[in-house]
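One structure is given here, and the rest of the page talks about it.
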Amino acid sequence: MNQKRSSTNDIALRVASAMQQMGIDGLPRNYELVYEAYAGANPELVREFIALGKFKTQAALDELGRKYLPHHHEEAVLQRSAGAVRDEMSNFMVLLQEEKTSLSDYGRLIGEASQAIFSTDQGAAQTALGSSIERLRQATERQFTRNAAMEARVATQSENMDAIQRDLATFEAAKFTDAATGLGNRRAFNKAVAKVYANVDMPLSCSLAVVEIDVGKRFSPVQVEALNDYLIRHYGALIKRTTPSTDVVCRFDGFRFGFLFHTVEEVEVGRLLTLLRTAFAAATLKHPETMRSLGSLTFSAGVCMVGSAGNAFDFVNLAEKALQQALAAGGNRIVVHRDSEGGGEGKDWMLYRAG
């Protein structure tokens with residue numbers, strides 16, 4: 001655990017130094033973006049960050065941030081969308097005004113034709129009627145053309161409004177999606193855990209597992225860095241396929257994933273994690289370039305039942321602590337946090353140990 005804290009501090013120092021060297025303003029959104037790039041949790045972000053060159057403009061950083069850290073740019077996105085909606089509404093009001101004027105003119109011509117029909121001066125009425133009918137015919141043709149044009153313009157505006165709505169939906173989804181795996185991200189997991197304790201006196205019946213893939217047991221740091229993208233995508237897809245659709249699974253960072261199972265039965269949690277463990281064992285890795293077999297990996301997990309935690313923070317924290325014990329014991333283990341019978345400090349129960 002101390003090693004992990006030291007690693008985090010090391011990254012933080014590298015980030016601060018890198019920002020100073022590249023002349024990047026010390027804005028919170030810039031710091032998180034550079035931190036994510038140096039942590040290497042998202043390979044695509046890393047590649048695009050490097051592609052910006054040594055000296056990165058704020059505009060380029062913000063464009064990258066909108067793609068990978070959209071929560072920092074929510075206000076700007078909403079302002080743009082609101083502006084687009086205002087423009088479309090203004091255009092629509094202009095259309096309505098034009099239509100109102102056109103209908104008013106058309107109504108006036110109909111009125112003139114009616115007056116000619118009921119005129120007492122037959123000679124004048126005949127001449128006026130012929131002229132009114134011709135103007136009314138021309139106006140009818142123009143109105144027909146206008147109606148078709150109006151329908152087309154309304155259809156275009158409707159498409160524009162739909163596009164704005166889709167953009168907002170995509171932006172909202174991006175805030176809670178891990179770009180590398182398509183799973184939910186840590187923000188989505190925190191949101192799901194918060195719902196568990198929406199009613200603190202009666203939390204939902206759930207169990208929480210924090211899983212970390214044991215990459216260090218099989219690969220060196222250099223190999224992990226080279227295979228990072230492939231490993232994350234491979235196991236992200238595997239975890240997604242293996243986890244029941246009724247449960248929640250999200251990627252935290254690196255090779256850590258969070259699971260929210262809708263059960264408090266330890267046997268059922270054990271069964272679900274054993275299915276995942278079996279899937280890991282069966283999913284032989286292949287080098288993405290040479291296609292050489294790389295064997296398979298295991299994982300370690302910490303589990304906490306909802307009854308052992310009084311709030312969302314403890315729920316996650318106790319599972320994290322159980323995971324640290326599993327890793328400290330050599331990995332490839334699942335440790336479940338359980339309260340002692342006396343209600344005092346919790347104790348950990350080894351669900352399984354490989355070997």
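Side-chain atoms are counted along with the backbone in the values below, which use heavy atoms only and exclude waters and symmetry mates.
Using a 4.5 Å heavy-atom threshold, the side chains of Val210 and Arg256 count as touching. In this structure the side chain of Leu323 reaches within 4.5 angstrom of the side chain of Ser300, judged on heavy atoms. The side-chain heavy atoms of Leu272 and Asp247, taken from C-beta on, include a pair separated by under 4.5 Å. Side-chain atoms of Asn30 and Gln58, non-hydrogen and from C-beta on, do get closer than 4.5 Å to each other. Proximity of Ile232 to Arg251: side-chain heavy atoms (C-beta onward) are separated by under 4.5 Å at one or more points. Side chains of Lys56 and Phe49 form a contact here, defined as non-hydrogen atoms less than 4.5 Å apart. Contact annotation: the side chain of Phe176 approaches that of Lys191 to within less than 4.5 Å [non-hydrogen atoms, C-beta and beyond]. Counting heavy atoms from C-beta outward, Val215 and Leu231 have side chains that approach closer than 4.5 Å.
Note on residues 199-232: pairs passing ring pair (Phe, Tyr, Trp, His ring centres under 6.0 Å), not counting sequence neighbours, are Tyr230-His234. Residue pairs meeting the salt bridge (charged side-chain N to carboxylate O under 4.0 Å, His left out) criterion with at least one partner in residues 215-232, sequence neighbours excluded, are Arg47-Asp229, Asp229-Arg233.
Looking at every heavy atom in both residues, Arg186 comes nearest to Val316 through NH2-CG1, 3.6 Å. Across every non-hydrogen atom of Leu61 and Leu33, the tightest pair is O-CD2, 3.4 Å. Summarising the geometry of Ala192 relative to Val248, their closest heavy-atom pair is CB-CG1, 4.3 Å, with the distance given to 0.1 Å. Heavy-atom minimum distance, Val264 versus Cys206: CG1-O, 3.4 Å. Here the shortest heavy-atom pairing between Ile239 and Leu276 reads CG1-CD1, 4.1 Å.
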Stepwise side chain to side chain contact (heavy atoms under 4.5 Å, CB included) check, Lys240 with Thr181: CA-CA 9 Å; Lys240 189 173 184 178; Thr181 63; over 6 Å; no
Worked verdict on Val269 versus Phe259 for side chain to side chain contact (heavy atoms under 4.5 Å, CB included): CA-CA 10 Å; Val269 174; Phe259 295 75; over 6 Å; no
Working for side chain to side chain contact (heavy atoms under 4.5 Å, CB included), residues Phe189 and Leu208: CA-CA 10 Å; Phe189 194 77; Leu208 189 152; 3.8 Å; yes
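Under the side chain to side chain contact (heavy atoms under 4.5 Å, CB included) criterion, Thr57 pairs with Ala59, Ala60, sequence neighbours left out. Residues forming a side chain to side chain contact (heavy atoms under 4.5 Å, CB included) with Thr246 (at least two apart in sequence, or on another chain): Pro244. Qualifying side chain to side chain contact (heavy atoms under 4.5 Å, CB included) partners for Ala279, counting only residues two or more places apart in sequence or in other chains: Leu238, Thr242.
One N or O on the side chain of Ser207 and one on the backbone of Thr263 form a donor-acceptor pair closer than 3.5 Å.
The number of heavy atoms from other shown groups lying within 6.0 Å of CD (Glu265) does not exceed 12.
Atoms CG and CG, on Asp214 and Asn332 in that order, are 6.0 Å from each other to the nearest 0.5 Å. Note that CZ of Arg292 and NE2 of His287 are 6.5 Å apart. Values are rounded to the nearest 0.5 Å. In this structure, CG on Leu227 lies 6.0 Å from CG on Leu294, to the nearest 0.5 angstrom. Here CD1 of Ile334 is found 7.0 Å from CZ of Arg277. Values are rounded to the nearest 0.5 Å. With values rounded to the nearest 0.5 angstrom, Leu64 atom CG is found 5.5 Å from Leu52 atom CG. With rounding to the nearest 0.5 Å, the separation of CZ in Arg187 from OG1 in Thr177 is 10.0 Å.
The ring-ring contact (aromatic ring centres under 6.0 Å, His included) test with Tyr235 singles out one residue from Phe255, Phe280, Phe299, and that residue is Phe280.
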Kindly list each side-chain donor-acceptor pair under 3.5 angstrom involving residues 302-314, sequence neighbours excluded, with atom names and distances?
{"residue": "Asn311", "atom": "OD1", "partner": "Phe313", "partner atom": "N", "Å": "3.1"}
{"residue": "Asn311", "atom": "OD1", "partner": "Asp314", "partner atom": "N", "Å": "2.8"}
{"residue": "Asn311", "atom": "ND2", "partner": "Asp314", "partner atom": "OD2", "Å": "3.3"}

